[in-house]
Amino acid sequence: MSFELESYVAQILRDIQKRGIDAIREYSRKFDGYDGEFLVREEEFEEAERLIPEEDKQVIARIIERVREYHEKQLENDKLYIKNASLYGIIYKPIRRIGIYVPGGKPLPSSLIMTGVPAKIAGVREIVVTIPPKDGKVNPYVLYVAKLLGIKEVYKLGGIQAIGAMAYGIGMKKVDKIFGPGNKFVNEAKRQVFGAVGIDSLAGPSEIAVIADESANKDYVLADLISQLEHGKDSKAWLLTTSKELAEYCNKEGVKVVLCESLEECAEKVNEIAPEHLEILTKEPLKLVDLIENAGAIYLGEYTPVPAADYFLGVNHVLPTGGAAKFSSVLTVMDFMKRISLAYVSREEFLAERYLGIRLAEIEGMEQHKRSMEIRR
Ligand SMILES: NC(=O)c1ccc[n+]([C@@H]2O[C@H](COP(=O)([O-])OP(=O)(O)OC[C@H]3O[C@@H](n4cnc5c(N)ncnc54)[C@H](O)[C@@H]3O)[C@@H](O)[C@H]2O)c1
Ligand SMILES: N[C@H](CO)Cc1c[nH]c[nH+]1
Ligand SMILES: [Zn+2]
């Protein structure tokens with residue numbers, strides 16, 4: 001992230017905090033050419049539903065089913081155990097109110113499926129969606145997906161102003177955590193509002209890295225690299241290969257080609273990049289997986305191209321970019337939940353073990369902590 005981008009976004013967010021809805025309206029006019037009501041009306045949902053052909057409704061239903069099937073397996077049970085008649089553990093609770101940003105430069109209903117489905121599985125009660133309008137309207141497929149998922153609060157808001165509105169509660173009730181991908185402005189705004197709200201990850205402009213050897217189909221490799229560049233000029237594509245012929249074939253605008261001595265060297269370079277997606281198209285792709293430490297998602301073999309994962313495999317396509325895969329992960333159901341630690345201690349354990357706490361309180365000079373443990377009978 002550049003210093004210019006950071007200060008540009010900070011200035012807009014500060015203005016939104018200071019001037020509230022007036023600033024939101026102004027930026028909406030300026031960046032999205034929109035000057036109307038932000039909240040989508042029931043008639044607009046109905047109109048969107050009418051516009052969608054029956055076959056597309058079936059495609060969407062089937063994709064939602066596949067995404068649901070994959071994500072349901074991620075739901076974790078509370079982890080509790082009993083020791084000395086005491087109860088210890090971790091319990092999970094859904095976040096109460098979340099905001100989902102749906103990209104709208106090129107509207108991506110698939111991104112609402114990828115965020116809305118796991119949110120529902122987690123049991124989130126209140127879901128707000130924002131998406132930049134085009135010619136004053138929200139993409140009908142996005143509204144249709146929202147309707148299928150039971151999401152009623154959809155706002156015609158995009159970019160930094162959408163993130164500011166959700167984070168500071170302007171023109172809507174404030175959310176607890178913001179989810180969803182977006183361009184560099186959205187991503188930087190999410191980074192800056194972290195603290196006022198939670199965020200899922202830094203899921204910015206799309207990226208792909210491919211590790212391939214001489215066994216890979218050249219056309220497949222090139223098509224996959226170029227697929228992610230289609231998202232926009234900030235997207236990135238790297239090819240790491242041991243094949244000179246493939247390197248030459250894929251040496252096209254926007255593709256950074258790195259010719260390596262070995263597949264191990266390819267893996268090392270990938271770990272430095274920490275790409276959003278990594279495809280491995282080698283004779284034995286599974287053998288390389290152990291060497292990869294940093295990637296948002298790893299897809300193996302000829303029949304797992306990134307676009308398949310973007311749309312229908314069921315795996316989540318909201319992934320960290322810009323090197324954030326070094327410290328964060330693909331979106332899962334558990335990102336929509338909080339962990340709460342739980343303990344219910346028995347008298348006998350407390351009395352037998354409290355000398356530990358009392359001594360540590362003495363070491364730290366915490367008289368009142370010590371007293372709280374000492375006075376119990
Ligand atoms: N990492 C992931 O998981 C993932 C998944 C899907 C999509 N993506 C990425 O999401 C992005 C979607 O981008 P998009 O542009 O299509 O939609 P977007 O909704 O993210 O951004 C469009 C909005 O940006 C704002 N904007 C544009 N120019 C601006 C400017 N100069 N100053 C301030 N605000 C400005 C406008 O409000 C506009 O509505 C792509 O980069 C794509 O690669 C990432
Ligand atoms: N490739 C994107 C994630 O970086 C997801 C997506 C949505 N639509 C098309 N592609
Ligand atoms: Zn994509």
Side-chain angles (χ1 to χ4, degrees), residues 10 13-14 17-18 71-100 115 118-128 163-164 166-170 172-180 189-203 274 293-294 296 316 318 320 323-377:
L13 284 175
R14 253 197 318 273
Q17 262 181 307
K18 209 165 99 195
H71 286 81
E72 265 168 0
K73 299 181 177 59
Q74 295 172 349
L75 199 55
E76 290 190 34
N77 294 320
D78 295 346
K79 295 187 178 66
L80 296 166
Y81 67 94
I82 290 172
K83 189 185 100 185
N84 301 335
S86 296
L87 180 70
Y88 290 103
I90 290 276
I91 58 171
Y92 296 98
K93 296 281 175 179
I95 296 171
R96 181 186 285 252
R97 180 171 171 82
I98 65 155
I100 294 177
T115 43
K120 283 281 167 184
I121 294 170
V124 174
R125 273 193 265 168
E126 296 174 33
I127 303 179
V128 168
I163 302 300
M166 290 192 277
Y168 308 135
I170 300 171
M172 66 177 75
K173 202 171 120 201
K174 178 185 185 301
V175 305
D176 298 317
K177 186 169 178 178
I178 297 175
F179 292 82
K190 274 171 69 188
R191 194 186 71 81
Q192 291 192 20
V193 298
F194 176 69
V197 288
I199 61 164
D200 50 357
S201 69
L202 297 172
E293 289 167 22
N294 300 325
N316 205 292
V318 180
K326 287 188 180 166
F327 54 81
S328 62
S329 312
V330 60
L331 187 68
T332 68
V333 169
M334 299 314 289
D335 291 306
F336 295 87
M337 302 192 90
K338 295 171 296 113
R339 299 181 295 274
I340 301 177
S341 124
L342 186 84
Y344 185 2
V345 178
S346 64
R347 180 171 185 269
E348 61 266 36
E349 187 180 29
F350 179 79
L351 295 181
E353 301 287 329
R354 70 170 160 186
Y355 75 95
L356 297 167
I358 287 171
R359 183 61 198 130
L360 205 46
E362 285 168 356
I363 291 167
E364 291 190 350
M366 295 288 207
E367 270 312 305
Q368 299 311 319
H369 287 61
K370 180 177 163 186
R371 184 163 178 276
S372 154
M373 293 179 275
E374 269 182 347
I375 58 167
R376 293 181 146 72
R377 294 289 160 248

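Fair warning: this is a prediction, and the values are worked out from it, not measured in the lab.
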- Ile127/Lys120 under side chain to side chain contact (heavy atoms under 4.5 Å, CB included): CA gap, chis, key distance, verdict: CA-CA 9 Å; Ile127 303 179; Lys120 283 281 167 184; 4.0 Å; yes
- Query: Is there any side-chain hydrogen bond (donor to acceptor under 3.5 Å, both in side chains) pair reaching into residues 80-89, and which pairs are they, with sequence neighbours excluded?
  - Reply: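 Applying side-chain hydrogen bond (donor to acceptor under 3.5 Å, both in side chains) to every pair that reaches into residues 80-89, excluding sequence neighbours, yields Asn84-Glu349, Ser86-Ser346, Ser86-Glu349, Tyr88-Glu349.
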- Message: Show, in sequence, the C-alpha distance, side-chain angles and deciding distance for Met337 and Leu75, and conclude whether the side chain to side chain contact (heavy atoms under 4.5 Å, CB included) test is met.
- Response: CA-CA 10 Å; Met337 302 192 90; Leu75 199 55; 3.9 Å; yes
Testing the basics here: between [X] and [Y], what is the closest heavy-atom pair and its distance to 0.1 Å?
X: Lys370; Y: Glu362; value: NZ-OE2, 3.0 Å
X: Glu126; Y: Arg97; value: OE1-NH1, 3.0 Å
X: Ala361; Y: Met373; value: CB-CE, 4.1 Å
X: Ala325; Y: Ala274; value: CB-O, 3.7 Å
X: Pro94; Y: Ala122; value: CB-O, 3.3 Å
X: Leu80; Y: Ile91; value: CD2-CG2, 4.2 Å

- Around Phe350, counting heavy atoms of other residues, nucleotides and ligands shown, do more than 12 lie under 6.0 Å from its CZ? yes
- If you draw a 6.0 Å radius around NZ in Lys93, do more than 12 non-hydrogen atoms from other residues or ligands fall strictly inside? no
Is the shortest heavy-atom distance from the side chain of [X] to the side chain of [Y] under 4.5 Å?
X: Asp200; Y: Lys190; result: yes
X: Ile95; Y: Lys338; result: yes
X: His369; Y: Glu364; result: no
X: Tyr168; Y: Leu13; result: yes
X: Arg339; Y: Tyr92; result: yes
X: Ile98; Y: Val175; result: no
X: Asp335; Y: Lys177; result: yes
X: Asn316; Y: Thr332; result: no

Interatomic spacing from [atom1] in [X] to [atom2] in [Y] - rounded to 0.5 Å:
X: Glu72; Y: Ile121; atom1: CD; atom2: CD1; answer: 5.0 Å
X: Asp176; Y: Phe336; atom1: CG; atom2: CZ; answer: 13.0 Å
X: Arg371; Y: Arg376; atom1: CZ; atom2: CZ; answer: 10.5 Å

